[in-house]
Novice: 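Quick one: this structure, given as C-alpha cells, is what I'll be asking you about.
For ligands, and for the atoms within them, numbers begin at 1 and follow the listed sequence.
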Amino acid sequence: MPKIKSSAIQQWFGRLPGNVGIGNVRYTTSGKTDEKSLIKGTQPVTASKNGLKLAISFNGNIVNTFQLAEEIKTKFPSFSYECDAELVCHKLMIELLKGKGITSAVKTCMQKIDGAFSVTCITRDGQLFAFKDPHGIRPLCAGHSRTSPLYVFSSETVSLDINGLEKDFELEPGELVKVTKSGFIRQRLVKDKKAFCAFEYAYFARPDSRFDGKYVYEIREEFGRNLVRENPEIVKDADIVLSVPETGDDPAMGVHEESGLRWERASRRHRYVTERAFLLLNKERHSTIDRKINIQPPKIKGKRVIVTEDSIVRGDTTRVIVDKLRRMGAKKVYLFVTFPRIIGPCLYGIDMATYGQLIGSKHSPEEIAKIIGANAVCYQSVESFIKATGSKSDELCTACVTGKYPTPMAQKIADVMKKKFQEGHEEIGRIYEIEELVKTCSGKAN
Ligand code: SF4
C-alpha cells in the first residue's frame, strides 16, 4: 500500500470543520423518487430530542416500516419519513433516550428492526460507530490510515484502496464497532445466521472489491467457468463468447479460459451513460441500451454466440441485446447468466420488489429463451454459484432465487404476496410498501 504524504483525501479533510463525518450515495429501494422526496431522504439523516442528537447513514432496506413508524410517532408526533434511514435513526434515538447507552440501544435496534441494515452513526459529542443487522445482509468493512490517526467504515474495500487506506476487517452480522482514539472496539451483540446478499457477487459489488479476502472479479470468472462445465453441449455449438459489459466481462473471461472459445471483445460500454437499464421505464430502456452498449456487427455476423450476462430481472434489457445481435446477423444466441433464475422479490435493498416484474417468477428458462428470442438461456445453478463465492450454503441470502428469506417478516410478506399473485391479484408498488399486507404480516411474524 503506498504511503500518503499529501494526498487528495487529506487536503479535502482539511477544508471541512470537525474531525468526523459520514455520508451515503443512496440507491432508492423505498419511498418516492421525485426530487423533493429524494432531497428529504438525503443522508445522513438526523434525529434530536432532550439534548441528544444523532446522524446516520444507512445501506439496506427495512421491512417492518409501518410497525416502526407507529412506535416512533408516539415519541415524535410530527414524524414523517421519505427514506427508511429515518426510521432507523429515530428508533435508535428512542432507545438512547432510555439512558442505557449506545450498546444497549443498538442491540435493541438489531432485535426489533426486520430487514437489512449496515449503518454508520455519529452522536452530538462526536462518537462514531457502525453496526450491521443480525444476518449481515449488506456489506460493511472497517479500515485505517497507516500514516495518520484516521479510522473509516465503507461498504466496499475498493474505497479504502483508492484512498490509500488499509482494510482491517468486515463487520460480522450483529456486530457493533465503536471508534476510539486508540482504534476500533468490536462487540458482537446479536448472534444469528449469516445471510450475506448473493446478488452482491453477481452484480452489485465492484469487481475490484474483496469479500472474505477474495476479489469479486475472481469469483465472477469462476461463475463463467461453472457455466461452461454445466453446459458442455452448448459450448460445443458456439464460435465465440461476448459479454454484456461490465458485469458480464469477468464471467466471459472464465468462459474463455474453461472452453478455449475466443472472447470477442466486440461489445463496449459507453463510459458516460450510467443509467441502470433494469431500473428504467420501458420506453427509455431501449434507447438507453442502444446508447450504453455498442456492439461491432462484423464480429458477430454468421457466428454462434454465447453471451455472458449477470442476471435477468424483467428480461427487457436482455431482449434488446439479443434482438441487436440477431439484426447484426448472429446465427445463434445463447445466454449464460451467472445469477440463478430470480423467482421472487428482494426485500433487503435491491430494487426488484414485486413478483409481477420478474420474468423468472412466471416463466421457465425455456419459455424465457422464447420470449427474449435466444436459442437457450442457461442459468448458473445455485449450488455452483455458492461454491464459487467460497461461502457455506447457509451463509448467503439467496431469497430471490430460492424463496427462503432470512428474516421472519420478509418471509411472511413474500409468501402471502406470492399466493395472491398466483391467484391473479395485481401488485401495486413494492410489496413491502403495501400497508395492509405488511401490517397483517407483522402480526403473524411476531
Ligand atoms: S433477496 Fe436476493 S438481492 Fe435481495 S438480499 Fe437476498 S440475495 Fe440479495
Novice: Looking at A205, is its backbone amide N or carbonyl O close enough to the side chain of S209 to form a donor-acceptor pair, meaning the two atoms are under 3.5 Å apart?
Specialist: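 Answer holds: no.
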Novice: Distance to the ring centre below 6.0 angstrom and angle to the axis at most 45 degrees; does that hold for R186 and F169?
Specialist: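 Output yes; distance and angle both within limits.
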Novice: Got the closest protein heavy atom to atom 7 (S) of ligand 1, with its distance?
Specialist: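 Of the protein heavy atoms, C397 O, 2.9 Å lies nearest.
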Novice: What protein heavy atom is closest to atom 2 (Fe) of ligand 1, reported as residue, atom name and distance in Å?
Specialist: C400 SG, 2.3 Å
Novice: Hey, which atoms in ligand 1 end up nearer than 4.0 Å to a heavy atom of Y348?
Specialist: 5 (S)
Novice: Regarding T407 and D114, is there a side-chain donor-to-acceptor distance under 3.5 Å anywhere?
Specialist: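 Yes, D114 and T407 have a side-chain donor paired with an acceptor closer than 3.5 Å.
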Novice: Quick one: does ligand 1 sit under 4.0 Å from the side chain of R138, the backbone, both or neither, non-hydrogen atoms only?
Specialist: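 Only the side chain of R138 comes within reach of ligand 1.
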Novice: Taking the six-membered ring for Trp, are F153 and F184 ring centroids under 6.0 Å apart?
Specialist: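 That pair passes the under 6.0 Å test.
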Novice: Between H256 (side chain only) and L261 (backbone N and O only), is there a donor and an acceptor less than 3.5 Å apart?
Specialist: yes
Novice: May I ask you to check whether C346 brings an N, O or S atom to under 2.8 Å from atom 4 (Fe) of ligand 1?
Specialist: yes
Novice: With atoms numbered from 1 as shown, which atoms in ligand 1 lie under 4.0 angstrom from a non-hydrogen atom of A399?
Specialist: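 Heavy-atom distances to A399 below 4.0 Å select 1 (S).
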Novice: What about Y201 and F196, are their ring centers closer than 6.0 Å?
Specialist: yes
Novice: Starting from atom 8 (Fe) of ligand 1, which protein heavy atom do you reach first, and at what distance in Å?
Specialist: C197 SG, 2.3 Å
Novice: What atoms of ligand 1 come within less than 4.0 Å of a heavy atom belonging to A198?
Specialist: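 It comes down to these atoms of ligand 1: 7 (S).
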